[in-house]
Amino acid sequence: MTDLFSGNEPPQTGREVLAGGAVLLRGFALPHDKALIAAIDAVAAISPFRNMQTPRGFTMSVAMTNCGAAGWVSDGRGYRYASRDPETGSPWPAMPEALRGLAESAATQGGYPDFHPDVCLINRYAPGAKLSLHQDKDEREFTHPIVSVSLGLPASFQFGGLRRDDPIRRHALRHGDVVVWGGPSRLFHHGILPLKEGTHPELGRIRLNLTFRRAL
Ligand code: SIN
Ligand code: FE2
């Protein structure tokens with residue numbers, strides 16, 4: 001197996017502008033990785049990861065759970081935010097302070113000092129899992145940015161434009177990287193290419209992604 005962590009990666013710091021309103025903060029979450037992983041484990045102990053059904057009846061390859069005031073769900077009725085976890089019948093776990101704090105400081109760093117997320121979708125990818133090109137548009141309004149935190153195995157993030165057929169660029173997202181997009185790029189299309197095989201020192205054969213939004 002190829003070693004993805006051979007020390008040949010570029011240094012994980014700095015800020016890359018992806019588009020108007022969109023920045024990639026390299027390594028921003030690295031100092032907090034263990035606290036974030038512990039918080040995710042605590043959420044998943046209450047509302048476990050599950051592979052949801054798409055409205056067309058396909059099973060998503062990405063396993064998901066949520067924390068916060070509502071959770072993003074998909075089933076035969078469509079996509080929406082639900083205040084209860086349909087699997088447990090209970091409210092989603094509260095958003096751990098470690099997660100909220102990281103999201104707010106990343107948003108501030110990205111130019112959005114007034115961001116206070118009320119929901120956090122947690123995506124879990126195993127090798128082969130992918131997320132097709134989509135827009136995040138199930139939120140009530142689009143005035144607030146999206147903060148997306150990557151942990152574990154690296155992924156290839158596709159970032160396009162407002163139109164589905166706008167040109168798409170790929171950006172490698174590694175453990176600790178954070179992408180913030182809002183303003184003119186809030187509704188830009190994005191996705192994750194099929195995850196490559198690998199083993200991460202902290203998470204093994206897994207990539208985790210936290211997506212913070214103001215949804216309600
Ligand atoms: C998402 O679009 O909800 C997640 C993107 C990612 O996994 O980086
Ligand atoms: Fe998304």
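One-based numbering, in listed order, for ligands and for the atoms of each.
Annotation: W181 is in aromatic contact with F157 [ring centroid separation under 6.0 Å].
Nearest to the Fe ion (ligand 2), among the N, O or S atoms that H134 has, is NE2. Taking the N/O/S atoms of D136 in turn, the shortest distance to the Fe ion (ligand 2) belongs to OD1. Shortest distance from the Fe ion (ligand 2) to H190 is reached at NE2 (N/O/S atoms only).
In this structure, Q158 has no heavy atom closer than 4.0 Å to ligand 1.
Heavy atoms of other residues, nucleotides or ligands lying less than 6.0 angstrom from CZ of R169 number 12 at most.
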**OP:** Decide yes or no on side-chain hydrogen bond (donor to acceptor under 3.5 Å, both in side chains) for R213 and Y81, but give the supporting numbers first.
**Re:** CA-CA 11 Å; R213 308 185 186 96; Y81 284 93; 3.1 Å; yes
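Ligand-side atoms of ligand 1 in range of R213: 3 (O), range being under 4.0 angstrom from any heavy atom. Near H190, meaning under 4.0 Å from any of its heavy atoms, are these atoms of ligand 1: 2 (O).
When only interatomic distances are considered, the shortest N/O to N/O separation between Y125 and ligand 1 falls below 3.5 Å. The shortest N or O to N or O distance between H134 and ligand 1 is below 3.5 Å.
Across L131, L133, D177, heavy-atom proximity to atom 1 (C) of ligand 1 is greatest for L131.
Under the 3.5 Å distance criterion, with hydrogens and angles disregarded, no donor-acceptor pair is assigned to the side chains of H190 and Q158. Using modelled atom types and a 3.5 Å distance limit, the side chains of H134 and D136 yield a donor-acceptor pair. A donor-acceptor contact closer than 3.5 angstrom is absent between the side chains of T59 and N51.
The single protein non-hydrogen atom nearest to atom 8 (O) of ligand 1 is R207 NH2, 2.9 Å, given as residue, atom name and distance.
Formation of a donor-acceptor pair under 3.5 Å by the H189 side chain with backbone atoms of L162 is found in this model.
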